[in-house]
Amino acid sequence: MAEADYVVVGAGSAGCAVARRLAERGASVILVEAGARDDRGPLKNLLRIPGAIAVVHSTPQLKKFFDWGYKSVPQEHAANRRIPQTRGKVLGGSSSVNGMLFVRGNRENYDDWADDGCKGWSYEDVLPAFKRLEHWEGGANDFRGAGGPIRVRKQGGLTEAAQGFMQAATSRLGVPALDDYNADSQEGIAPVQLSADPGVRYSSSKGYLHDNPLDHLVVLTNATVSKVVLSGSRATGVEVIGKKGDRRVIRAGREVIVSAGAFGSPQLLMLSGIGPAGHLREHGIEVRADLPVGDNLHDHLFVPVSFRMDSALRRPTPTYFARGLARELFRPGSGWAGGSQFEATGFVRTSHAGSVPNLQLLSLYWVYPIPNQDSDKAVRPPSTKPGQSVFPTLIYPESRGTVRLSSADPLAPPLIDPAYLKVGKDADVLLEGIRMVREVMDGVGDNQGEIGPGQQYSDEEELRRVLPDYVHSVYHPVGTCRMGSDERAVVGPDLKVLGIDGLRVADASVMPSIIGGNTNAPSIMIGERCADLIRS
Ligand SMILES: Cc1cc2nc3c(=O)[nH]c(=O)nc-3n(C[C@H](O)[C@H](O)[C@H](O)COP(=O)(O)OP(=O)(O)OC[C@H]3O[C@@H](n4cnc5c(N)ncnc54)[C@H](O)[C@@H]3O)c2cc1C
C-alpha cells in the first residue's frame, strides 16, 4: 500500500503549491490528480501557448480532454439556463485552462475575512505568501515578490482599441491610470497582469512541479479520489479509483489535504460523511461530521458589451487562429498568441459600492457569442470582423447557492446551483455596469457601434428583461467549505476540518467571501498559507 506523510488531493492552483512547499521541507508527499498530465502528449501545446486557450474553450472536441464538463442546475433567475461551470481536469487544474489574469483582489477583502472569524488572514498576514508565490517582472518591492514559482508580467503590445478604452475609462469615470493594481491601491485602470512568460502559460503545475521537480514529491495522474478514509474521527488516507476502475487506498502518515476545488472539495467531503446530515442520509452515507459543506457557493458574473472596431485587429476566424498558433510553435512569444486575449482591466465604483470599488471592467479583442455561450441559438462568432468587448463584472455578488451530491457514486457530477441573480441587487449592479461601459465607449477611436447586447436594448427595462440571457460565469466559484469560527464554518482559520483530525481543505472553497478580482492568485496563496499553517 502506498504511503506518504501527506496526501494532497487535486493538483490545481492551490494543491500544487501545498504539495511543493511540504515536499521542499523534506516531507514525503503524494499529490493525486483526477486528470492527465499537462506536459506530455499531442495536446500539450494547447495548454502551454497562452493564446491557444481560446481554441480549447470554443472547440468541444478539445475541451472535453481538460474539463470536468459540469453545468449548473437550471438557473431560475437566469432564464432557466444550465450555465457551464468549466473546471480544469488536468495537472494544474483550472490554472491550466484559465485566462491567466493575475489579480490579488482588494486588500480590504482579506481584512474582512479576518474580521469575519478568520484570524491570521488579514492583508498583512497574507501578503508574504502573495510575494513568495510570484516572480514579478518589475522586481521585488513592498508589495511584490521576485524569485517565486509563478512568473507574472504585464500584457504587452496593447491594441489601439484597448488603449482607447483605457484613456476613455480614466477620463470619463474619473479614476487613475494605475501602474500596478496588485500594489497599494486597486482603484483605476491598467493593462492586465498575466501568470505567463512570453509564449508560456505559468500554471500552478508549471511553476510548482515542472520547473524544478523534486524526487520525493510523487504525482499520480488519472487517479480520482472517491473518499477520505476515516478511522474514527481521524483521516488516515484516501481511496483512489484508477483509469480502469481499480480501487486502492493511499495512506497518509500525518495529514490529508483536500484541494479539489470549489466543486470537488465539498463533493469529496460529503462522499466521506462530512456534510449536512440530512442530505448525506438521503444518499445512504454514514454521517461522520454534520457541517454546512456545500453552502455559500458564489461566483462572479459578467455581461459582454461588444463593439465593432477595426483597431482591435484580431479576426475570430479559424485561419487567423491557425496562423497565430503556428507562429508560436516556431517562435514562442513573438505574436498575439504568445499573450492573452485580455488587454486591460479596472476597478471602479457603481452607485452600490461601499468602501471599495465594486465593478471590474475587462477589455479583450474579441466579440462574444450572442446572447451567451451555452444557448443553442447563439451566434458565434457574431462577427468575423475585428471587435472589442468590455465586460462589466459583478465582483461582490450577494446571491448564494449550493453544491450537493446527485448520487453517492463518486464519479457522478455534483449538483451545482450558484443561484445566479437570486438577489435583485446583483442585476442592478450589472445593469449600471452596462450603462457605464456604453458611456465610456461612446465615440471612442474607431468604434462603429455596439454588436451585443445591441442598441435595441437601450431602454433600461428592456435590458433588465433580457439580462438573464446575457450573463456569463467568470468561472470563479468559491466558498463551499467556508473558513470561519461560527456555525457557518466547515474549516477553522487553520484550514482544519471541524471535528475531524488530520484533514484540511486548501483551495478556493475555503474563501468565506469572494475577493474583488480573479481568483487564481488568491487560490495559490491559500495553498502557500496551508503549508505555512502545517509547519506551525
Ligand atoms: C475557464 C476559466 C477561466 C478562468 N480565468 C481566470 C483568470 O484569468 N484569472 C484568474 O485569476 N482566475 C481565473 N479562473 C479561476 C481560477 O482558475 C480558479 O479560481 C482557481 O484555479 C481555483 O483553484 P483551486 O485550487 O481551488 O481549484 P482547481 O485549480 O480547479 O484545482 C482542483 C483540482 O482538483 C482535481 N480534482 C477534483 N476532484 C478530484 C478528485 N476527486 N480526485 C482527484 N483530483 C480531483 C481537479 O481535476 C483539479 O486539478 C478561471 C477559471 C476557469 C475554469
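Order of listing sets the numbers, starting from 1, for every ligand and every atom in it. In what follows, residues are counted from 1 in the order of the sequence shown.
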Is Arg247 salt-bridged to Glu239, cutoff N-O under 4.0 Å? yes
Strictly by modelled atom types, are Tyr202 and Asp211 linked by a side-chain donor-acceptor pair under 3.5 Å? yes
Got the closest protein heavy atom to atom 17 (O) of ligand 1, with its distance? Asn98 ND2, 3.1 Å
For atom 52 (C) of ligand 1, the closest protein heavy atom turns out to be Tyr475 CB, 3.4 Å
Presence of salt bridge, Asp116 and Arg482, under 4.0 angstrom: yes
Nearest neighbour in protein (non-hydrogen) for atom 25 (O) of ligand 1: Ala14 N, 3.0 Å
Could you work out, for atom 28 (P) of ligand 1, the closest of Ala36, Ala34, Ser94, Ala17 by heavy-atom distance? Ser94
Taking the non-hydrogen atoms of Val97, is any one of them nearer than 4.0 angstrom to ligand 1? yes
Can you confirm, on distance only, whether ligand 1 has an N/O atom lying under 3.5 Å from any N/O atom belonging to Trp68? yes
Looking only at side-chain N and O atoms, does Ser306 offer a donor or acceptor that is under 3.5 Å from a partner on Gln388? no
Taking atom types as modelled, find out whether Asp417 and Gln75 have a side-chain donor-acceptor pair closer than 3.5 angstrom. yes
Among Gly93, Ser205, Ala260, which one has a heavy atom closest to atom 32 (C) of ligand 1? Ala260
Nearest-option assignment for atom 48 (C) of ligand 1, heavy atoms, candidates Ser473, Pro522, Gly88, Gly261: Gly88
For the residue pair Tyr396 and Asn109, confirm or rule out a side-chain donor-acceptor distance under 3.5 Å. yes
Any ion pair linking Arg153 and Glu137 (charged N to carboxylate O, less than 4.0 Å)? no
Would you say the side-chain atoms of Tyr420 and Asp299 include a donor-acceptor pair closer than 3.5 Å? yes
Within less than 4.0 angstrom of ligand 1, does Leu268 place any heavy atom? no
Under 3.5 Å, is there a donor-acceptor pair linking the side chains of Thr86 and Lys63? yes
Can you confirm, on distance only, whether ligand 1 has an N/O atom lying under 3.5 Å from any N/O atom belonging to Val474? no
Nearest heavy atom to atom 33 (C) of ligand 1, choosing from Ser259, Pro414, Gly264, belongs to Ser259
Answer yes or no: does an N/O atom from Thr86 fall short of 3.5 Å to an N/O atom of ligand 1? no
Any N/O of Met100 closer than 3.5 Å to an N/O of ligand 1? yes
Cation over ring face, Arg144 and Trp136, 6.0 Å, 45°: yes
Would you please determine whether Phe263 falls within less than 4.0 Å of ligand 1 on a heavy-atom basis? no
Shortest protein contact, atom 5 (N) of ligand 1 (heavy atom only): Gly99 N, 2.9 Å
If I apply the N/O under 3.5 Å rule, does Thr519 come out as touching ligand 1? yes
Do Asp180 and Gln193 have side-chain N/O donor and acceptor atoms under 3.5 Å apart? yes
Select one of side chain, backbone, both or neither to describe which atoms of Gln267 lie under 4.0 Å from any atom of ligand 1, heavy atoms only. neither
Look at the rings of His472 and Phe302 and say which category their plane angle falls in: under 30° parallel, 30 to 60° tilted, over 60° perpendicular. parallel
May I ask you to identify the nearest protein heavy atom to atom 34 (O) of ligand 1, giving residue, atom name and distance to one decimal place in Å? Gly10 CA, 3.2 Å
Could you tell me whether Asp39 and Lys44 have a side-chain N and a carboxylate O separated by less than 4.0 Å? no
With Arg529 as the cation and Trp121 as the aromatic partner, state whether NZ or CZ is under 6.0 Å from the six-membered ring centre and within 45° of the axis. yes
Taking distance alone, with no angle check, do Gly35 and ligand 1 share an N/O pair under 3.5 Å? no
Test side-chain hydrogen bond (donor to acceptor under 3.5 Å, both in side chains) on His476 and Asn520 and set out the steps. CA-CA 8 Å; His476 292 169; Asn520 183 44; over 6 Å; no
Consider every N or O of Ser13 and every N or O of ligand 1, then say whether any pair is closer than 3.5 Å. yes
Does ligand 1 have an atom that lies less than 4.0 angstrom from a heavy atom of Val90? yes
Who's the nearest protein heavy-atom neighbour of atom 42 (N) of ligand 1, and how far? Val225 N, 2.9 Å
For atom 35 (C) of ligand 1, closest protein heavy-atom neighbour: Glu33 OE1, 3.3 Å
For the 3.5 Å polar cut-off, considering only N or O atoms, please tell me whether Ala262 and ligand 1 meet it. no
Output yes when the distance from some N or O of ligand 1 to some N or O of Ala508 is under 3.5 Å, and no in every other case. yes
